[in-house]
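Taking it in order: structure first as structure tokens, then the write-up.
Here is how names work: the chains are called A, B, and so on, in the same order as the sequence lines, proteins then strands, and each is numbered from 1. In this text, all values refer to a predicted model and were calculated from it rather than measured experimentally.
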Amino acid sequence: MLISYNWLKEYVNVEISPSELADKITKSGIEVEMVESLNKGISGVVVGYVQECIQHPNADKLRVCKVDIGQGEVSQIVCGAPNVAEGQKVAVAVPGAVLPGNFKIKKAKLRGEESLGMICSLQELGVDTKLVPKEYSSGIFVMPSDAEPGSDALEYLNLNDHVLELGLTPNRADCLNVLGVAYEVAAILEQDVKLPDTTIATSEEKAEDFISVSIESLEDNPYYGAMIIRDVKIGPSPLWMQNRLMASGIRPINNIVDITNYVLLEYGQPLHAFDYNRLGSKEIVVRRAAEGEKIQTLDDQDRSLKDTHLVITNGKEPIAVAGVMGGATSEVQNDTTNVLLEAAYFASSRVRAASKDLGLRSEASSRYEKGIDRNRVYAAAKRAAGLMAELAGGKVAEGIVEAGKREVNTYSVKMDVSRMNNLLGTTISSEQTSAILDRLGFSYKELDGIFDVVVPTRRPDITIEADLIEEVGRIYGYDRIPTTYLLSEARPGGLTVSQAKRREIRKYLEGAGLYQAVTYALTTPEKSTHFSYTEDAVYPISVAHPMSEERSTLRMSLLPQLLEVLQYNQNRSMEDLAVYEMGSVFINRQEVLNDLPEEYVFVSGAVTGVFNEHLWQGERKAVDFYVLKGILEGLMSELNLSERITYESGEIENMHPGRTAVVKLDGIPVGLVGQLHPALQKELDLKDTYVFELNATSLIDAETEQMVYQTLPRYPSITRDIALVVDQDLPAGDLFTVIQAAGGELLKEVNLFDLYQGEKMEEGKKSLAFSLKYFDPERTLTDEEVVTAHNRVLKSLEEHFGAQLRK
Amino acid sequence: MKDRLEALKVEAIEKINQSHDLKDLQAVKVAYLGKKGPITEVLKGMGKLSAEERPVIGAYANEVRDSIQLELDKKQTELENAAITEKLAKETIDVSLPGRPVKQGNAHPLTAVVTEIEDLFLSMGFTIAEGPEVETDYYNFEALNLPKGHPARDMQDSFFITEDILLRTQTSPVQARTMEKHEGQGPVKIISPGKVYRRDNDDATHSHQFMQIEGLVVDQNVRLSDLKGVLETFAKKMFGEDRKIRLRPSFFPFTEPSVEMDISCFKCSGKGCSICKQTGWIEILGAGMVHPNVLDMAGFDSKKYTGFAFGMGPERIAMLKYGIDDIRHFYANDIRFLKQFKNA
């Protein structure tokens with residue numbers, strides 16, 4: 001909402017500067033987002049009188065004017081505006097003047113003719129083109145004839161004004177008009193509000209002789225009033241009114257329309273002026289539109305209506321969409337003489353429905369939607385009718401023809417001063433409370449600190465005690481509320497086990513060299529299903545109205561987005577990348593989403609390029625499967641899950657079929673690790689990329705045993721190495737399992753220390769060398785015991801795999 | 001004989017001093033003190049001496065032997081030290097060469113900020129509450145005093161999935177769920193960090209996905225002045241001990257009274273600069289006293305219990321704290337951006 005500082009001062013005494021006022025308003029509850037000076041750096045612009053205006057001898061499009069700029073001084077000014085003419089009062093920037101953008105005006109010669117300054121358009125004075133009245137939008141602005149040559153043109157054009165831009169929260173619709181803001185400012189500055197004069201002189205004629213009004217549903221339209229103003233003369237509205245409209249962001253059109261807009265801004269009451277002669281009947285009927293009923297609105301658009309919309313009709317057809325926009329047929333035009341002025345209260349739900357369906361949001365509709373003051377409708381009608389008489393020469397017919405209830409009863413809300421002080425932590429007395437309620441203009445009764453407050457109809461946001469407490473508190477001043485500390489008993493805070501483990505996982509991965517990424521949860525429908533390793537049927541979850549296809553569907557894996565991160569960085573010439581993300585994925589197993597989907601925290605990583613590098617020592621190693629597997633193994637050890645995790649080769653869509661393992665916890669899949677499928681790598685233009693994805697929720701929820709201290713070994717261990725020859729495709733993991741099982745209690749550690757597959761081996765064979773460590777915490781092992789256990793291992797290996805000792 | 005010993009001593013010491021390495025020295029030792037050495041020879045010839053001469057010469061011979069031994073030891077130490085020095089000199093490396101890098105990533109700046117805020121509130125006795133990102137209309141809106149058709153719903157255009165299920169637009173549903181679990185019994189003292197979603201076009205200041213941290217305290221006798229105390233502690237810890245805070249009245253459907261908290265600008269300390277848009281104040285968060293309807297709906301008796309709630313945006317805080325100018329940086333994950341937050 002834009003509020004003109006000068007206009008506001010008409011209703012409330014303000015003796016402080018616009019910026020001081022803005023500061024006080026902000027502190028009391030309505031944020032002033034900006035204070036804008038309408039003077040955008042102008043000086044030296046005066047009123048001029050065009051005494052003579054002749055064609056430029058050397059230029060078709062220029063005119064040479066003799067302009068009286070006051071005190072008998074007449075300057076020759078060359079002007080290019082098509083509408084410049086003798087007898088006009090205009091704004092002249094004299095030599096030495098400055099226009100917006102620090103544009104300095106100097107004496108000049110234009111095609112041989114001397115020019116002492118410039119005749120200005122409103123745009124040249126910093127007014128937004130879309131606010132300039134249409135007749136002046138491509139030329140200079142013509143001022144009223146009573147403007148005094150030589151005087152400050154900015155005063156006439158109200159360009160010394162300031163505009164306060166209010167950021168209104170939905171509860172403060174009462175400040176969507178100048179009077180409402182005046183009440184607020186009056187409360188802040190301890191001043192009174194001076195209301196506009198709404199007494200009007202009426203003619204002999206009676207409005208009821210011209211029109212009748214009926215309403216189909218009082219729920220849709222609780223009140224409708226119509227006034228008749230006859231014999232108006234359409235013309236421009238006075239400059240002061242135009243200035244205020246422009247300052248408020250509304251373009252002046254003609255006196256009648258300007259008056260309805262002016263009163264809208266002043267009272268917050270939407271009004272509509274119909275051309276009475278073009279109504280097509282002598283009655284107004286307010287009803288629901290028929291489904292598919294048509295109307296041409298005054299923006300010349302044909303609109304098709306729904307039965308949730310409310311229309312104003314002439315008894316036969318719609319002549320306006322209630323509270324949204326008037327119809328073209330009954331629009332006020334230059335030849336209009338008789339006006340029907342509508343002042344009504346429409347239900348916000350009806351206005352919202354029509355405004356939303358038709359895509360029409362107007363100053364009127366937004367006010368109806370947010371709620372207007374029921375009891376100000378009639379006053380606003382009288383105010384507008386009075387202005388039409390005063391400024392358009394109209395005769396106001398006596399009375400207002402109405403249907404519904406003109407005013408509603410007020411209600412009251414109780415407030416207990418001690419409860420207020422308990423809630424705010426203050427010690428505000430009953431006397432102070434009374435004084436603040438007086439400033440707010442609320443009437444009340446008080447008994448023993450209990451206030452019974454009558455809520456003015458302009459403040460429908462106040463319905464409960466807490467609302468009143470806020471009103472008193474904010475005028476009292478939040479800066480006067482003390483700072484205290486919670487009285488409640490101290491309880492330990494702290495992370496839950498799950499929260500602590502998530503932090504631990506993140507720290508571990510960062511320590512392992514991965515950077516944390518945070519990506520979007522919404523992706524494309526196609527990508528949302530990538531990398532799924534569950535067997536169950538899952539259904540993608542798409543939002544109903546996505547902003548784009550790219551961000552339409554919830555992810556089931558973090559990997560597609562992490563791959564986008566790699567792409568993004570590769571496109572910027574960063575080749576060696578290691579990132580991870582921890583975030584939610586969404587799994588829906590319902591064909592129709594009735595219950596909330598399952599949400600799991602996943603942790604995933606993607607690594608490409610060189611992982612270990614120390615160039616001057618000749619080390620430069622690209623990431624491979626075992627780098628990522630190593631990271632996962634470390635992580636599992638960190639989570640105390642190493643013993644329960646297995647890695648089994650598996651085929652997963654988009655993953656390299658020979659270089660991918662399904663990660664299992666107690667035999668149940670909880671993730672994957674491996675290389676991206678080369679086809680996908682090519683499609684995404686990525687180099688060799690390895691990824692992992694783990695269901696962190698499953699890992700965190702897995703019950704683990706409390707760690708127990710193991711006695712340090714007091715007896716020596718015995719180590720035996722074996723080199724085995726086995727079939728090339730035998731997984732090393734199987735050998736580990738068999739060795740472990742056959743070694744029994746005494747075998748405490750098995751390490752693979754060599755893998756050889758090459759020309760020295762028989763075709764289809766490979767050699768693996770293990771180091772086995774035997775030891776008993778209770779005593780020194782005998783050679784015999786170790787030999788027995790070791791032979792058992794060798795025998796078992798031979799039985800299972802035909803493994804031979806390498807010679 | 002004595003002269004002979006004296007000559008041997010001089011000769012031996014000279015040889016010792018001429019030795020260049022341990023091997024030479026060993027040869028000298030064997031030559032003079034060995035079993036076949038001249039001193040042993042002298043001692044063997046002692047039998048030919050008179051009884052008076054014998055102890056005198058014997059003592060003198062021992063003396064000569066000892067002093068040769070002493071010189072030998074001295075020279076040996078000297079040579080050993082020289083050898084070590086020489087060896088170390090050969091082992092010298094260029095300590096100015098770069099070390100072997102330890103692979104180390106770091107947290108995303110948003111995580112860094114969230115963790116910092118979490119730890120701060122944990123230290124004040126709060127716990128962290130979490131909830132689903134896909135929510136029901138009830139918890140996201142209705143339980144928070146935002147019935148269907150409420151104008152304030154316009155403030156946050158939502159991603160609905162079905163009529164009743166949506167991507168949460170705030171983390172406040174976690175508050176509603178937490179209060180419900182408490183079944184009308186205080187105290188509740190939580191913060192709820194998490195991702196939220198709104199139908200916004202992504203630009204320098206808007207993101208359809210962003211983070212929020214909300215806080216909630218419900219107990220008997222919770223006051224607006226207590227909220228001021230908690231927020232002041234927060235502001236000083238996050239933005240510096242010199243920060244002042246200012247509460248301005250505002251509006252949120254789930255709190256009444258509602259406030260917005262500004263802090264005095266940390267760049268210009270209130271003089272006015274581009275960061276605080278010349279006002280001297282920076283808007284940090286929204287807060288207020290929990291609306292009685294919200295308490296009642298969650299099963300708390302609003303005549304007995306009061307509470308406060310606050311909510312803030314980690315993106316905004318990170319942008320202010322680190323001077324980041326575009327919210328999209330957080331979600332583009334440019335590695336050059338991420339790497340800058342090693343010490344965050």
Could you tell me which portion of A/Ser348 (side chain, backbone, both or neither) has an atom closer than 4.5 angstrom to a non-hydrogen atom of chain B?
neither

Side chain, backbone, both or neither of A/Asn594 within contact of chain B (heavy atoms, under 4.5 Å):
backbone

B/Pro98 versus chain A, heavy atoms under 4.5 Å apart: side chain, backbone, both or neither?
both

Identify every side-chain donor-acceptor pair in residues 607-615 of chain A under 3.5 Å, counting partners at least two apart or on other chains, and give the distances.
{"from": "A/Thr608", "atom 1": "OG1", "to": "A/Asp688", "atom 2": "O", "distance (Å)": "2.8"}
{"from": "A/Glu613", "atom 1": "OE2", "to": "A/Arg620", "atom 2": "NH1", "distance (Å)": "2.4"}
{"from": "A/His614", "atom 1": "NE2", "to": "A/Gln617", "atom 2": "OE1", "distance (Å)": "3.4"}

If one checks every heavy atom of B/Lys195 against chain A at 4.5 Å, the contacting part turns out to be side chain

Can you list the steps and then say if B/Lys228 with A/Thr484 is a side chain to side chain contact (heavy atoms under 4.5 Å, CB included)?
CA-CA 7 Å; B/Lys228 216 171 169 177; A/Thr484 59; over 6 Å; no

Side-chain H-bond candidate by donor/acceptor type, B/Glu130 with A/Gln499, under 3.5 Å
yes

With only heavy atoms counted, which part of A/Met547 is less than 4.5 Å from chain B, the side chain, the backbone, both or neither?
both

Under 4.5 Å to a heavy atom of chain B? For A/Ile541 that would be side chain

When the 4.5 angstrom heavy-atom criterion is applied to A/Arg474 and chain B, the contacting part is both

Between A/Arg172 and chain B, which part of the residue has a heavy atom less than 4.5 Å away: side chain, backbone, both or neither?
neither

Name the region of A/Val592, side chain, backbone, both or neither, that has any atom closer than 4.5 Å to a heavy atom of chain B.
neither

Please look at B/Glu133 and chain A and tell me whether the side chain, the backbone, both or neither of the residue comes under 4.5 angstrom of a heavy atom of that chain.
both

Counting only non-hydrogen atoms closer than 4.5 Å, does B/Phe121 touch chain A with its backbone (N, CA, C, O), its side chain (CB onward), both, or neither?
neither

Sort B/Tyr331 into side chain, backbone, both or neither according to what part of it lies under 4.5 angstrom from a heavy atom of chain A.
both

Using non-hydrogen atoms and a 4.5 Å limit, figure out which bit of A/Ser28 sits close to chain B: side chain, backbone, both or neither.
backbone

Can you tell me how far the CG atom of B/Asp94 sits from the CH2 atom of A/Trp616, to the nearest 0.5 Å?
7.5 Å

Contact origin within B/Asn293 toward chain A - heavy atom pairs under 4.5 Å
neither

Check whether A/Asn422 gets within reach of chain B through its side chain, its backbone, both or neither, counting any heavy atom under 4.5 Å.
backbone

Chain A contact via B/Lys342 - side chain, backbone, both or neither, heavy atoms under 4.5 Å:
side chain

Contact class of B/Thr306 relative to chain A, heavy atoms under 4.5 angstrom:
side chain

